[in-house]
Novice: 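This structure is in C-alpha cells; I'll ask about it shortly.
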Amino acid sequence: MNLAQLSDYLLITAVVIYSLAMLAYAGDFAYGRYGNAASAKAQVPRKALELAGVGTHGSAGSAEVDGAGAHEPPVAPAGAVTGTADSDTGSAARDGRLSLLLRGAVGLTLLGLAVHLAGVITRGLAAHRAPWGDMYEFVTALSCVTVM
C-alpha cells in the first residue's frame, strides 16, 4: 500500500469517527444533563409555582379557604416540578461534571482529529509537497484546521 492509499483510508476513517462523535453530541443534546428533571428543578423557581395558581378559582393550583378563613398554600398543578435545586442532593454535584455522552463525543472528536491530521500529513508526503495543491487536498487540510 502506498502513502496516497493510506491517506485515503485515514481520511475515510476520520469521517466515520466524526460521524460517531456527531451522534454522541446529538445524544447528549437529547438526553444529557439539560434534559433531566434535576436541572428542570433549577429552572423553575418556587415563587413562580406559588404564583401559578393565583386567580384560578376552583382549580388545583388555587389557594383554597377553609371554614375558619385560613389560607392553604397553593398546590402545584399535576406534573409540575416542585422544589428548588438546593433540595436535590445530587444536582449540585452533577452540574460541574460533563455527561458520559459529552465526554465520549469530545474523545471521539479528538481521535478523529488525530486520524484526520495523519491523513493530511501522509497525503503531503505522498505528493512531495504541501497538501493543498488541488481542491481535494485543500478541503481536507482546511477541514482539519477547522476541527483544530
Side-chain angles (χ1 to χ4, degrees), residues 1-64 71-127 130-148:
M1 175 181 345
N2 60 17
L3 286 176
Q5 285 179 328
L6 178 62
S7 172
D8 290 340
Y9 291 143
L10 287 171
L11 289 173
I12 289 170
T13 304
V15 168
V16 170
I17 294 170
Y18 286 146
S19 299
L20 293 173
M22 182 193 64
L23 289 175
Y25 282 118
D28 178 67
F29 181 72
Y31 304 110
R33 68 183 177 127
Y34 295 111
N36 65 17
S39 65
K41 286 182 181 183
Q43 295 175 1
V44 179
R46 185 166 183 81
K47 189 67 173 173
L49 290 174
E50 291 173 1
L51 294 176
V54 174
T56 55
H57 297 290
S59 70
S62 66
E64 302 282 335
H71 292 281
E72 293 179 9
V75 177
V81 179
T82 60
T84 62
D86 295 335
S87 65
D88 184 24
T89 57
S91 69
R94 282 192 302 264
D95 286 340
R97 292 183 287 185
L98 299 177
S99 72
L100 181 63
L101 281 172
L102 187 57
R103 284 186 280 157
V106 170
L108 284 171
T109 302
L110 292 176
L111 177 65
L113 176 62
V115 173
H116 193 167
L117 187 61
V120 169
I121 290 171
T122 56
R123 184 68 179 192
L125 292 174
W132 50 75
D134 59 19
M135 194 57 130
Y136 170 76
E137 295 171 352
F138 179 77
V139 168
T140 56
L142 182 65
S143 62
C144 185
V145 170
T146 303
V147 172
M148 278 191 242

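Numbering of residues begins at 1 and proceeds along the displayed sequence.
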Novice: For the side chain of T146 and the backbone of L142, is there at least one donor-acceptor N/O pair under 3.5 Å apart?
Specialist: yes
Novice: Would you check if L100 and R103 make a side-chain contact, meaning some heavy-atom pair closer than 4.5 Å?
Specialist: yes
Novice: Got a second to check how far L23's CG is from S19's OG, nearest 0.5 Å?
Specialist: 7.0 Å
Novice: Minimum heavy-atom separation for A4 to A126, with atom names?
Specialist: N-CB, 3.6 Å
Novice: Checking L11 against S7 for the side-chain contact (heavy atoms from CB on, under 4.5 Å) test, could you report, in this order, the C-alpha distance in whole Å, the side-chain angles of both residues, the deciding distance, and whether it holds?
Specialist: CA-CA 6 Å; L11 289 173; S7 172; 4.0 Å; yes
Novice: Kindly compute the distance separating CG (L111) from CD1 (I17), expressed to the nearest 0.5 Å.
Specialist: 4.0 Å
Novice: Is there a side-chain contact between T140 and W132, using heavy atoms and a 4.5 Å cut-off?
Specialist: no
Novice: So which heavy atom on A141 is nearest to which on P131, and how close?
Specialist: CB-O, 3.8 Å
Novice: Counting only heavy atoms not in Y9, do more than 12 fall under 6.0 Å of its OH?
Specialist: no
Novice: To the nearest 0.5 Å, what is the distance between CG (L102) and CG (D28)?
Specialist: 4.5 Å
Novice: Applying side-chain contact (heavy atoms from CB on, under 4.5 Å), can you list everything that pairs with V139, at least two apart in sequence or on another chain?
Specialist: M135
Novice: Quick check for you: to the nearest 0.5 Å, what is the distance between T122 atom OG1 and D8 atom CG?
Specialist: 8.5 Å
Novice: Once rounded to the nearest 0.5 Å, what's the spacing between atom CG of L20 and atom OG1 of T109?
Specialist: 10.0 Å
Novice: If we only count heavy atoms from C-beta on, is the H116 to L10 side-chain gap below 4.5 Å?
Specialist: no
